[in-house]
Amino acid sequence: MGEKSRSRGFCGWFLVLVILGLIAGAIVFAVKKKSSHSDDEPAPVPGPPGAIVKKYSDALKIAMKFFDVQKSGKLVDNTISWRGDSGLKDGTEAKLDLSKGMYDAGDHIKFGFPMAFTATVLSWSILEYGDQMDVVGQLDPAKDSLKWITDYLINAHPSENVLYIQVGDPDIDHACWDRPETMTGKRPLTMINASFPGTDVAAETAAAMASASLVYKKTDPTYSDLLLKHAEELFSFADEHRGLYSTSIPKVQTYYNSTGYGDELLWAASWLYHATEDETYLNYVSGDNGRLYAKWGSPTWFSWDDKHAATQVLLSRLNFFGSQGVSKSVQVYKKTAEAVMCGLIPESPTATSSRTDDGLIWVSEWNALQHPVSSAFLASLYSDYMLTSRTAKFSCSGETYTPADLRNFAKSQADYVLGNNPMKMSYLVGYGDKFPQYVHHRGASIPADATTKCKDGFKWLLSTKPNPNIAYGALVGGPFLNESYIDSRNNSMQGEPSTYNSALVVGLLSSLVTTSSALQSFT
């Protein structure tokens with residue numbers, strides 16, 4: 001009797017435990033289901049610019065200054081105490097005024113290919129994030145710096161099939177260490193034409209003009225129309241007279257050797273479509289030229305030489321915000337853009353292994369920071385397109401990721417640049433308590449009141465003292481793969497800044513300074 005009663009009691013408790021287990025399992029399932037459903041819900045669309053993130057705001061204001069550091073010509077409202085007028089006679093041998101524009105890096109050459117790229121990226125940044133720049137007082141400086149370049153590019157294109165692509169000779173220029181205000185070396189001009197074509201540089205310049213035409217479309221329509229006219233002419237020149245500029249002019253191979261021109265043709269056509277809405281340009285990128293040059297399905301790195309990834313992101317706008325017919329014609333670009341994004345997110349099954357131990361994208365010893373900054377800029381753009389179009393997620397080999405994942409990646413790269421790295425040093429000169437003191441930059445290394453000439457200026461290159469002038473906003477080359485950095489003026493591999501890197505970091509910081517909804521159309 002007692003044994004039987006205990007057996008019944010045990011069975012009863014067993015049934016209770018089973019029922020409780022089933023209930024608990026149902027609750028867990030319901031919670032998981034609810035959580036899974038919430039992952040499918042898109043994040044709220046950002047409104048007007050919101051709260052300012054101070055560190056990115058401070059960094060953006062500093063980064064913007066490097067354009068003033070690099071300006072050539074008769075300076076207007078100069079804010080850099082150690083800079084003055086320079087290059088005033090540039091272009092006179094061709095009876096052109098090429099005094100404006102910007103010096104490329106730590107030297108005094110005006111290289112047209114990376115300078116045009118600078119203008120395109122700066123235009124793109126203004127178009128996407130001009131409202132965010134504006135809330136921290138950086139929109140007008142950005143537009144002024146852009147116009148300083150486009151004024152030069154207009155003058156460098158005196159006729160339909162002629163484009164001056166360089167001022168100065170690197171051999172002559174690099175034989176001196178002097179300030180731009182006192183340079184005395186000859187500054188010969190280099191041009192491309194129908195006989196000596198340069199599809200890559202002509203198309204990049206067309207992209208710069210087309211994108212800039214959108215920047216000034218409302219505020220200065222006459223200037224915008226002039227830029228668009230040059231863009232269309234340059235694109236025709238680039239397309240009809242095909243050839244690498246570094247093949248036509250072998251001497252340029254040492255510094256900015258081009259590895260192809262198909263990406264620039266697609267990049268320029270994409271910008272011209274945005275500027276004109278002429279379907280001829282859309283057909284250009286979606287037809288035979290797209291099949292030939294777009295590298296669909298093959299993620300690449302965005303740089304001054306390779307615009308494939310940027311073109312894919314730019315055209316993905318049409319999938320997120322365009323009409324159905326337009327979206328379908330460029331769907332393959334969006335798919336490749338997503339593959340690029342999958343490669344960037346560290347947890348993705350297809351994540352690139354090209355990173356330092358601390359997570360910085362790292363592709364090249366020279367100018368190492370170009371790729372992480374450009375990648376982070378593209379990730380921010382794509383994240384904002386997703387948010388504004390209420391696209392909840394995208395898939396990477398079966399795993400899903402959100403706009404927040406892309407923004408977190410972008411922040412990680414920006415934070416590394418600004419000092420969250422093993423060196424505990426900001427690679428943006430002038431930002432933070434610790435930044436490079438021996439930047440490879442002539443103007444920064446020579447006192448403004450020095451009377452040095454061409455050769456005796458090398459004593460400033462070899463000086464063991466820190467630069468007397470701070471090159472505010474300079475983004476130096478960056479760390480080695482082992483995340484070390486040697487702060488030496490002779491270390492141009494790591495310590496030389498470039499104007500085009502500044503355009504990229506301005507774009508990245510502008511994207512992070514606050515949040516707002518993306519423009520659904522540039523026009």
Side-chain angles (χ1 to χ4, degrees), residues 69-75 82-116 118 148-149 151-159 162-193 195-198 201-202 205 245-258 440-462 469 471 489-490 492 496-500:
V69 169
Q70 296 300 93
K71 283 180 179 177
S72 169
K74 183 74 175 176
L75 301 185
W82 48 273
R83 280 302 325 276
D85 299 342
S86 64
L88 297 178
K89 295 182 180 180
D90 284 356
T92 52
E93 71 176 67
K95 297 181 180 180
L96 298 172
D97 179 6
L98 299 181
S99 61
K100 282 189 174 181
M102 294 185 187
Y103 302 118
D104 177 62
D107 54 14
H108 304 147
I109 305 294
K110 297 176 188 175
F111 291 107
F113 196 12
M115 194 196 305
T118 299
W148 202 266
I149 298 175
D151 284 352
Y152 167 89
L153 295 177
I154 288 169
N155 289 350
H157 181 225
S159 60
V162 172
L163 177 66
Y164 285 85
I165 60 159
Q166 187 172 301
V167 177
D169 182 303
D171 292 335
I172 296 172
D173 185 81
H174 293 175
C176 299
W177 190 269
D178 50 4
R179 300 176 65 243
E181 294 80 3
T182 60
M183 59 183 173
T184 56
K186 292 182 179 180
R187 294 178 62 75
L189 305 178
T190 303
M191 73 172 180
I192 55 172
N193 55 32
S195 300
F196 296 92
V201 64
T205 309
Y245 93 119
S246 45
T247 299
S248 296
I249 309 166
K251 68 178 182 179
V252 304
Q253 294 175 10
T254 304
Y255 295 95
Y256 287 102
N257 183 45
S258 176
H440 184 90
H441 189 279
R442 288 186 212 169
S445 71
I446 303 174
D449 58 356
T451 56
T452 51
K453 296 180 182 178
C454 169
K455 297 294 184 183
D456 58 357
F458 278 101
K459 68 182 181 183
W460 300 108
L461 170 65
L462 302 175
N469 308 310
R489 200 174 292 113
N490 255 321
S492 58
E496 186 169 19
S498 63
T499 309
Y500 55 90

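At a threshold of 4.5 Å between non-hydrogen side-chain atoms, the residues V167 and I109 do not count as touching. At a threshold of 4.5 Å between non-hydrogen side-chain atoms, the residues I446 and T452 count as touching. Using a 4.5 Å heavy-atom cutoff, the side chains of S72 and Y152 are not in contact. Looking only at side-chain heavy atoms (C-beta outward), D456 and D178 stay at 4.5 Å or farther from each other. Contact annotation: the side chain of S86 approaches that of Y103 to within less than 4.5 Å [non-hydrogen atoms, C-beta and beyond]. The side-chain heavy atoms of Y164 and L96, taken from C-beta on, include a pair separated by under 4.5 Å. A heavy-atom distance below 4.5 Å is not found between the side chains of L163 and L153. Inter-residue side-chain proximity for P180 and R83 is flagged as met; some heavy-atom pair is nearer than 4.5 Å.
Across Q253 and S246, no two heavy atoms sit closer than the pair NE2-O, 2.7 Å. In terms of heavy atoms, A202 sits closest to I192 at CB-CD1, 4.0 Å. Considering every non-hydrogen atom in both P188 and D169, the closest pair reads CG-CB, 3.8 Å. Residue N193 comes nearest to S195 through the heavy atom pair OD1-N, 3.0 Å, listed as atom of the first residue, atom of the second, then distance. The nearest pair of heavy atoms linking A471 to W82 is CA-CZ2, 3.9 Å.
Heavy atoms from other residues, nucleotides or ligands lying under 6.0 Å from CZ of F458 number more than 12.
Here D104 does not pair with K110 in a salt bridge; the nearest charged N to carboxylate O distance is not below 4.0 Å. Between D107 and R442 no salt bridge is recorded (no basic side-chain N to carboxylate O distance below 4.0 Å). Ion pairing between a basic and an acidic side chain is recognised when a charged N comes within 4.0 Å of a carboxylate O; E93 and R187 show no such pairing.
For H440 and W177, the gap between ring centers is short of 6.0 Å. Remark: aromatic rings of F113 and Y256 are distant, center separation not under 6.0 Å.
Using a distance-only test at 3.5 Å, with no hydrogens or angles considered, a donor-acceptor pair links the side chain of E181 to the main chain of G84. Put simply, the side chain of S99 never gets that close to the backbone of K89: no donor and acceptor are under 3.5 Å apart. A distance-only check finds a donor-acceptor pair linking the side chain of S248 to the backbone of P197 [under 3.5 Å]. For E496 (side chain) and G106 (main-chain N/O), a donor-acceptor pair under 3.5 Å exists by modelled atom type. In this structure, K453 contributes its side chain and C176 its backbone to no donor-acceptor pair below 3.5 Å. Checking side-chain atoms of Q70 against main-chain N and O of T499 turns up no donor-acceptor pair under 3.5 Å. With T205 contributing its side chain and A116 its backbone, the two residues share no donor-acceptor pair below 3.5 Å.
Each of R179, K100, K74 was scored for a salt bridge (charged side-chain N to carboxylate O under 4.0 Å, His left out) with D85, with one residue passing: K74.
Separating the CG atom in N257 from the OG1 atom in T247 is a distance of 7.5 Å, to the nearest 0.5 Å. Taken to the nearest 0.5 Å, the OG1 atom of T92 stands 9.5 Å off from the CG atom of D97. For the atom pair M115 CE and S498 OG, the distance stands at 12.5 Å (nearest 0.5 Å).
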Inset, instruction - Carefully, step by step, assess I165 and I249 under the rule side chain to side chain contact (heavy atoms under 4.5 Å, CB included). - result: CA-CA 11 Å; I165 60 159; I249 309 166; 3.9 Å; yes
Legend entry - Stepwise side chain to side chain contact (heavy atoms under 4.5 Å, CB included) test for V69 and N469: CA-CA 11 Å; V69 169; N469 308 310; over 6 Å; no
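Ring planes of H174 and Y255: perpendicular class, angle over 60° (limits at 30 and 60°).
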